[in-house]
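Below: one structure, written as C-alpha cells.
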Amino acid sequence: MNLHIIHANIIRANIIVSIKSFYREKTVVFFRIAFPVILILVFGTIFMERDNEIFALRIQDLDQTTSSEQLVAAIGLSRRFNITQVSPEADAKQYARDNKLNLIVIIPKNFEMSLIEKMTADNFETPVTLTKIYDPGSFGVTTKIGVLDMVLAKINQEMSGKPPLIASEPVSILKKKYRFIEFFVPGIIAMAVMTASLFGTVNVNAELLQKGVIRKLSTTPITRIDWILSNILYQFILAVVSTAVMLLVSYAVFKVSLEINAWLVVFVALDVFAFVGLGMILTRVAREAESASAAADALMFPMMFLSGTFFPVEMMPEFLQAFARILPLYYVNEGLRAAMIAVDHTAALKSALIIGAFAAVVFVFGIMITKSGGETA
Amino acid sequence: MTKNSKYAIEVNNLTKRYKGLSAVDNISFTVERGEVFALLGPNGAGKTTTVEILNTIRKPTSGKVFLLGMDVTEKKYDIIPRIGVLPQGFSSFDRITVKETLQYYSRLFCRRKPDIQGLMALVNLKDKAAVQYKNLSGGLKQRLGIAVALVNDPEIVFLDEPTTGLDPLARRAMWEVLLDLKKKGKTLFLTTHYMEEAELLADTVAIVKKGKISAMGSPGELIENNADYLVVMLKSVDETVFDIVKKMGFAPGYDSHGDIKVRLTHADDVRRMLNAVREGGASFTGLNVRKPNLEEVFLKLTDDSLMEKSAGIEAAQ
Ligand SMILES: Nc1ncnc2c1ncn2[C@@H]1O[C@H](COP(=O)(O)OP(=O)(O)O)[C@@H](O)[C@H]1O
Ligand SMILES: [Mg+2]
C-alpha cells in the first residue's frame with residue numbers, strides 16, 4: 001500500500017463495509033454499545049445511593065427508659081438512618097456476626113440515670129458512653145460511623161443548649177453540585193472509546209491479515225494512509241454513537257449535570273486516533289492474532305485501573321500517581337472531566353495537547369510500519 | 001520502456017532470495033497478450049513468490065520485470081489498475097454478501113458504473129448475490145475471488161493456484177470459468193501444481209522446480225521434448241517380477257493400481273526385461289508399453305523419484 005495518496009471514495013467504501021460487518025455481528029454490537037451502558041447503570045446505581053444514602057442502623061437499648069427512647073427518636077430525626085431495634089437479651093457481637101451487620105449501637109443499662117446525674121450536677125467531664133460494635137473489615141462502615149458521630153454531636157449540642165463555636169460551610173470549587181456519577185460517566189466514555197478502538201482495530205486487522213484479505217487489498221489502488229484513515233473514521237463513527245447512547249442513558253436515568261461542548265468531540269476523536277493507531281502498530285508488530293490481543297490486554301488493563309477511570313488518581317499512592325501521568329488515557333480522563341464537569345478550558349486544552357501529541361506520534365509511526373501485505377504476511 | 005510493449009509480461013533474470021534460500025533463481029520468460037501462461041510446480045517451487053513480484057507486492061532481489069511495458073518496481077500505481085489478482089488462498093470479508101463484495105472492490109478501483117450483474121453471471125454466482133461470504137462453499141468463494149479479480153476489467157489476470165483445495169466438481173466449474181476468460185482473449189497468468197489444469201488451460205507451460213524453470217513450451221512440445229523414454233506397465237500377481245526387474249538395474253515402482261511401472265530409455269530394454277522375467281519363471285497377466293503423458297513428464301522434470309510422487313499426486317486428486 002502506498003504512503004502518500006488519500007482516496008476519499010476508497011475510505012468511504014471501507015467504512016461502508018466495516019459498518020455492515022459490524023451490525024451484522026450482534027455480539028460485537030452488544031459489547032460495543034450495550035456494555036458501557038450497563039457499566040454506567042450498575043455503577044451509577046451503586047454510587048447514586050451512596051451520595052444521599054440512608055444507612056441501616058441497629059440499636060440495642062439495654063436501658064429501656066424514656067431517655068433512651070428519646071435518644072433513638074432523635075437519631076431517627078436526622079433522617080440519615082433507618083433504625084431497627086435489637087432485643088436487649090441478644091449478645092450484640094454474636095448478633096452482628098450472625099446477621100452480617102457492620103454496626104450496632106448499644107445504649108448502656110443505666111443511661112437515663114447517668115444522664116440525669118450529669119445534668120443535675122452540671123458535670124460534663126465524663127460523658128455517658130454509647131458502645132459501637134462494628135466490623136472493621138466492612139467497606140463503608142467508616143462513613144456510617146462518621147455520619148453517626150455527626151448526628152450525636154448535634155444531639156449533644158442541642159441538649160447542652162450551647163451554640164457551636166465554630167461552624168463550617170462547604171463551597172465547591174465547581175459551579176454545580178457534582179456527584180460520583182458525574183465523575184464516573186466521563187471516565188467510562190474515555191475507557192469505552194479506548195478499549196473499543198484498540199480491540200476493534202487489533203481484532204479486525206489481525207483477522208484480515210491472517211486470512212490474507214490485506215494481501216488482496218495490496219493488489220488494489222488502496223494506500224496505507226487510506227487504510228489507517230478508514231480504520232480511524234470507522235471507529236470514530238462508532239465512538240460517537242456509543243458516546244451518545246452513554247450520555248442519553250446517563251441523563252435519562254441519573255439526571256447527570258454534565259456539560260456537552262466541542263471538547264467532548266475533540267477528546268473522543270483524540271481517544272480514537274491514539275488507540276486505533278496503537279492498534280495498527282500492535283497488529284503489525286505482533287504478527288499473530290493472539291499475541292496482538294494479548295499485547296492489547298497488557299496495555300489496556302493498567303490503563304483502565306490506573307488512569308482514573310473508576311476512582312480519582314489522587315486516591316492512589318504517589319508512585320502510582322506518577323505512573324498514571326505517563327498513561328495516555330489519564331489525559332483523556334482529565335480532559336473530558338475538565339470539559340464536562342468543571343468546564344475549565346485551559347485544563348482541557350492542556351490535556352488535549354498532550355493526548356494529541358501522543359496520537360500524532362502513534363499515527364506517524366503506524367504509517368511507517370504498516371507495510372504492504374505481501375512481503376511479511 | 002514505458003512504450004507499448006509487445007509483451008504483456010516480460011521477466012528477465014529474476015531472482016528473489018530469502019536469507020540464503022533462492023525462492024526464485026534467475027528465471028526469464030515472456031507472455032504475449034492474449035496468451036494463457038501456466039507456472040507449474042510443486043509446493044515451495046517459488047510460484048507465489050514469482051506471482052507476487054509480478055503483482056508489485058514483493059520486491060525482486062535482482063532482475064527486471066515488465067508488465068505491459070512498465071517496470072514493476074517503479075510503476076506500481078500505474079500497473080495495479082490494469083491487472084487483476086486472485087491471490088493464493090483468496091479470502092474476503094465474512095459478513096459481506098457476494099454483491100456487496102463486488103461493489104466494494106469496484107469502488108477501490110474507482111469504477112463508476114461497474115457491471116456487477118455481468119461479473120456475477122460470468123462466475124455463475126447470480127443466485128448467490130445476497131449470500132454472505134462466510135456462507136459460501138470453498139468453490140464459490142474461489143469463484144467470487146475470480147470475479148473480484150475482474151472488477152477493474154484488467155488486461156492481465158493473475159491466478160495463484162485457483163483450484164487448490166477444491167473438490168473435483170468445483171474444480172471443473174472453475175475450469176469452465178477460466179476457459180470462458182481464455183475465449184474472451186484475456187491474458188492469464190496461472191500457477192498450479194495440477195498437470196491436468198495446465199494442460200487444459202495453458203498455451204504455454206513453464207515447469208518450475210526449486211526456483212528454476214526446468215522446461216517451458218506448449219503442453220505438446222513439453223511431451224515431445226521430454227518423452228525420451230518409455231513407460232512399461234506390467235500387470236502381475238507374482239512378486240518375483242518386481243525383484244527380477246530391480247536386479248537388472250532398472251527402477252521399478254508400483255502405481256496406484258498395484259501394477260509395476262518402469263521407465264525405460266530404449267526399446268531394446270523392453271525386450272531384455274521381458275526375457276529376464278520369462279527366464280526367471282515369473283509370469284504377468286498384462287503388459288502396456290507407451291509414451292509418457294504430460295503428468296509423467298512434469299514429475300520427471302520436477303522430481304526424479306517418479307513413483308513415490310506419482311502415488312502422492314494421485315492421492316491428492
Ligand atoms: N517471506 C518469506 N520469507 C522466507 N522464505 C520465504 C518467504 N516466502 C516464501 N519463502 C520460501 O520461498 C520458497 C518458495 O515459496 P513460494 O513462492 O510460496 O512457493 P510456491 O508458491 O511455489 O508453493 C519456499 O521455500 C518458501 O518457504
Ligand atoms: Mg504458492
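Protein chains get the first letters and strands the later ones, always in sequence-line order, with residue 1 at the start of each. Values in this document were obtained by computation on a predicted structure and should not be read as measured data.
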Self-check item: Parallel, tilted or perpendicular: ring planes of Phe305(A) versus Phe301(A), cut at 30 and 60 degrees
Solution: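 Because their plane-to-plane angle is under 30°, the rings of Phe305(A) and Phe301(A) count as parallel.
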Polar side chain donor-acceptor pair, [X] to [Y], under 3.5 angstrom:
X: Asn14(A); Y: Ser230(A); value: yes
X: Thr192(B); Y: Glu197(B); value: yes
X: Tyr194(B); Y: Arg171(B); value: yes

Practice problem: Please list, in residue-number order, every residue in residues 83-114 of chain B that has a heavy atom less than 4.5 Å from any heavy atom of chain A; write 'none' if there are none. | Solution: Val85(B), Pro87(B), Gly89(B), Phe90(B), Ser91(B), Ser92(B), Phe93(B), Asp94(B), Arg95(B), Ile96(B), Thr97(B), Glu100(B), Tyr104(B), Tyr105(B), Arg107(B), Leu108(B), Phe109(B), Cys110(B)
Quiz prompt | Residue-level contacts of residues 151-160 of chain B with chain A, using a heavy-atom cutoff under 4.5 Å | solution =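 Residues in range: none.
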Exercise. Return yes when atom CZ of Phe31(A) has more than 12 non-hydrogen atoms of other residues, nucleotides or ligands closer than 6.0 Å, and no otherwise.
Key: no
Exercise. Run through Ile40(A), Ile38(A), Leu39(A) and flag the one making a side-chain contact (heavy atoms from CB on, under 4.5 Å) with Val42(A).
Key: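 It is Ile38(A); the other options fail the test.
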Self-check item: Member of Asn231(A), Leu238(A), Ile237(A) meeting the side-chain contact (heavy atoms from CB on, under 4.5 Å) criterion with Tyr234(A)
Solution: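 Of the listed options, the one satisfying the test is Leu238(A).
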Quiz prompt | Verdict with supporting geometry, Lys64(B) and Glu10(B), salt bridge (charged side-chain N to carboxylate O under 4.0 Å, His left out) | solution = CA-CA 8 Å; Lys64(B) 282 278 172 203; Glu10(B) 192 177 345; over 6 Å; no
Exercise. Answer with side chain, backbone, both or neither: which region of Ile11(A) has an atom nearer than 4.5 Å to a non-hydrogen atom of chain B?
Key: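 Neither part, no heavy atoms under 4.5 Å.
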Got a list of side-chain donor-acceptor pairs under 3.5 Å for residues 115-130 of chain B, not counting sequence neighbours?
residue	atom	partner	partner atom	Å
Asp115(B)	OD1	Gly118(B)	N	2.9

Exercise. Output all residues satisfying salt bridge (Lys or Arg N to Asp or Glu O under 4.0 Å) with Asp167(B), sequence neighbours left out; order by chain, then residue number.
Key: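 Listed in chain order: nothing, the list is empty.
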